Amino acid sequence: MPELPEVETTRSGVAPFAVGRVIEQVIVREARLRWRVPPELPTRARGQRIQSLSRRAKYLLFGLGNGTIILHLGMSGSLRVLSRGSPPMAHDHIDIVLDDGVVLRFNDPRRFGSLLWTPDDPLQHPLLRSLAPEPLSDEFSDAYLAKAAKGRKVAIKQLVMNSQVVVGVGNIYASEALFRAGIRPKRAAGRLKPAEFAALVKSIKQVLREAIRQGGTTLRDYVNPQGMPGYFRQKLFVYERAGEPCRVCKTPIRQFTQGQRSTYFCQQCQS
DNA sequence: ATGGGCACCTGGCTGC
DNA sequence: TGCAGCCAGGTGCCCA
C-alpha cells in the first residue's frame, strides 16, 4: 500500500476533479472490504456536493454537506480518475460518479481498504479519534518523539510505525528514515540519544516530503489517480535492496524481520 | 500500559 | 504445467 506520500499524491491528484462537484451516485460492486461498506452510504452521498478532500494519517476525507466519506486504501488500494463508461476491471469495487461524468474508481485486490460514512466530525470517528500527530506537522518534533520513546523497550522502527506515536510512517519510509538518520532499526526506542531523536525526526520529514514530490513509491500495485506509478523507488537507499551494495559505502544491505515486517539496513552506515 | 502475534485477502513469484 | 509455500506500501484486536 500506499503510505502517507502515496495517499497524499492520491489526494492532490483527485482533488481538482472532485472538489466542487456533485456526487451523482455511488456504485458499490463489492461491499466486503476491511469493514463492510455501510449500506446507507450511497443514499447519503447522492446529490451532495464535495466541499473538501483532505487527509488525516492515511485516511482520505471527502467532506460533503451532510457528513464525510472516509476512504482508506489499505495495502493494495488505489483511487483513479476515469470517465463514465470505462468498463470496470477486476477488483474495481467502488465508483463515485460525479455530475460531470468523471468517475472516481476504487480498486483494491486485497480488500484491506475501507470506505466508511460518518455524519459527524470525522476526526472524532473511532478509527481517527486517537491518532497521533501528523509527521509533517510542527507538533512532531525532537522533544515530542523523545518523550514518546521515554522508557519504551520496543525497537525504534516499530515505535515510529505506531500510529499512537506518529501517523503515516509505514514499512518503506521507516527503514529509509532510519538509514538517513544512521540509526539501526533494532535499537530500543528509549535508548536513543537526543541528537538521534533530532536526526530521526528530520529524516522522517525529509523522506516523506521527497517521496510526495516524486509522486510516491511504486513497488507493485500503486498507481496515482492518472494511472501512473510513483518515481521514488529509484531514490530508495535500503528498502527491497537486500544483498545490493549500500549507495553510500557499498556494504551489502541486510534484511531481517521485525514484527512480521521486513526491515532493511546498512550495518556500516547505521549504528 | 506495553509488547507480541494473528487476522483480514488476493496475486505474483519461486522452487520442487 | 501444476501446485505448495512464501511474500507484499496496513492496522485493529486479543492475549500475556
Side-chain angles (χ1 to χ4, degrees), chain A residues 1-11 29-37 55-60 70-79 89-93 106-116 125-132 135 147-177 185-191 204 207-208 210-212 214-224 229-236 238-243 255-264:
Chain A
M1 158 246 267
E3 294 194 31
L4 187 143
E6 294 75 36
V7 178
E8 181 56 28
T9 299
T10 298
R11 191 202 62 76
R29 292 186 201 84
E30 175 57 87
R32 296 172 304 162
L33 303 182
R34 169 125 204 228
W35 288 280
R36 176 164 280 276
V37 176
R55 178 188 59 73
R56 172 73 174 105
K58 296 172 190 166
Y59 293 93
L60 289 171
I70 302 174
L71 176 65
H72 195 292
L73 302 178
M75 286 275 267
S76 55
S78 61
L79 187 67
M89 313 291 276
H91 313 300
D92 281 343
H93 305 313
F106 175 65
N107 176 287
D108 184 9
R110 294 178 72 179
R111 288 194 275 121
F112 286 174
S114 47
L115 188 77
L116 300 168
H125 188 278
L127 294 175
L128 282 76
R129 200 168 40 206
S130 53
L131 290 174
K147 190 177 174 194
K150 195 173 162 69
R152 301 286 299 268
K153 292 175 182 171
V154 264
I156 185 63
K157 184 196 177 218
Q158 286 165 283
L159 187 88
V160 299
M161 288 179 68
N162 181 342
S163 62
Q164 309 276 71
V165 173
V166 59
V167 300
V169 184
N171 204 36
I172 299 178
Y173 302 110
S175 279
E176 292 297 313
K186 238 189 245 188
R187 295 266 305 279
R191 296 279 181 109
I204 288 172
V207 74
L208 293 177
E210 285 179 26
I212 290 169
Q214 297 289 321
T217 301
T218 296
L219 298 168
R220 282 159 282 272
D221 344 63
Y222 176 75
V223 287
N224 75 11
Y231 296 106
F232 195 70
R233 187 176 194 176
Q234 47 215 94
K235 303 284 177 74
L236 298 176
V238 292
Y239 193 81
E240 285 199 337
R241 296 197 63 244
Q255 173 182 17
F256 68 102
T257 299
Q258 258 179 319
Q260 299 126 250
R261 313 299 300 277
S262 271
T263 299
Y264 301 83

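Computed from a prediction, not measured in an experiment: that's the story for all the values here. Order of the sequence lines fixes the chain letters, A, B, ..., with proteins taken first and strands second; residue numbering starts at 1 for each chain. Just so it is clear, the values below take in all heavy atoms, side chains as well, and ignore hydrogens, waters and symmetry mates.
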**Student:** Return the nearest nucleotide to the side chain of A/Trp35; candidates are C/dA8, C/dG12, C/dT11.
**Tutor:**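 For the A/Trp35 side chain, the nearest candidate turns out to be C/dG12.
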**Student:** For A/Glu240 and A/Arg233, run side chain to side chain contact (heavy atoms under 4.5 Å, CB included): C-alpha distance rounded to whole Å, both residues' side-chain angles, the deciding distance at 0.1 Å, then the answer.
**Tutor:** CA-CA 10 Å; A/Glu240 285 199 337; A/Arg233 187 176 194 176; 3.2 Å; yes
**Student:** If you assign A/Arg111 and A/Gln158 each to the DNA chain B nucleotide with the nearest heavy atom, which residue ends up on the more 5' nucleotide?
**Tutor:** A/Gln158
**Student:** Between A/Asn107 and A/Ser78 (side chain of the first, backbone of the second, donor and acceptor by atom type, cut-off under 3.5 Å), is there such a pair?
**Tutor:**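 Checked: no pair found.
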**Student:** Could you please name the partner base of B/dC9, counting Watson-Crick and G-U wobble pairs only when both distances are under 3.5 Å?
**Tutor:** none
**Student:** At the 4.0 Å heavy-atom cut-off to chain A, mark where contacts on DNA chain B begin and end, going 5' to 3'.
**Tutor:** B/dT2 to B/dG11
**Student:** Please report the distance separating the P of C/dC6 from the corresponding atom of B/dC6, rounded so that it comes out in whole Å.
**Tutor:** 14 Å
**Student:** Between atom CD in A/Gln260 and atom P in C/dC6, what is the gap in whole Å?
**Tutor:**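 Rounded to the whole Å, the gap is 15 Å.
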**Student:** Taking side chain as C-beta onward, heavy atoms only, is A/Leu128 less than 4.5 Å from A/Tyr59?
**Tutor:**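 The answer is yes; the side chains approach within 4.5 Å.
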**Student:** How many angstroms lie between atom OG1 of A/Thr10 and atom CG of A/Asn224, to the nearest 0.5 angstrom?
**Tutor:** 7.5 Å
**Student:** May I ask you to decide if A/Thr217's main-chain N or O and A/Glu6's side chain share a donor-acceptor pair within less than 3.5 Å?
**Tutor:** yes
**Student:** For A/Leu236 and C/dA8, give me the distance from atom CG to atom P, rounded to whole Å.
**Tutor:**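 Spelled out: CG on A/Leu236 to P on C/dA8 is 15 Å.
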**Student:** Nearest-Å distance, CD (A/Glu6) to C1' (C/dG10)?
**Tutor:** 12 Å
**Student:** How close or far is atom C1' of C/dC7 from atom CZ of A/Arg220, stated in whole angstroms?
**Tutor:** 8 Å
**Student:** Whole angstrom is fine here: how far is it from CG in A/Asn162 over to C1' in C/dC13?
**Tutor:**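 About 14 Å, once rounded to whole Å.
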**Student:** Are any side-chain N or O atoms of A/Gln258 and backbone N or O atoms of A/Pro185, one a donor and one an acceptor, separated by less than 3.5 Å?
**Tutor:** yes
**Student:** Using whole Å, what does the distance between atom P of nucleotide C/dC6 and atom CZ of A/Arg110 come to?
**Tutor:**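 It works out to 16 Å between those atoms.
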**Student:** The side chain of A/His72 is closest to which nucleotide in this list: C/dT11, C/dA8, C/dG12?
**Tutor:** C/dT11
**Student:** Kindly assign one of parallel, tilted or perpendicular to the pair A/Phe232 and A/Tyr173, based on the angle between their ring planes and the thresholds 30° and 60°.
**Tutor:** tilted
**Student:** Considering only atom P, compute the distance from C/dC7 to B/dG5 and round it to an integer number of Å.
**Tutor:**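 One P to the other, the span is 15 Å.
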**Student:** Provide the distance between the two P atoms, one in C/dC3 and one in B/dC9, to the nearest whole Å.
**Tutor:**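 Straight-line distance between the two P atoms is 23 Å.
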**Student:** Can you find a side chain N or O atom of A/Arg261 that sits less than 4.0 Å from OP1 or OP2 on C/dG10?
**Tutor:** yes
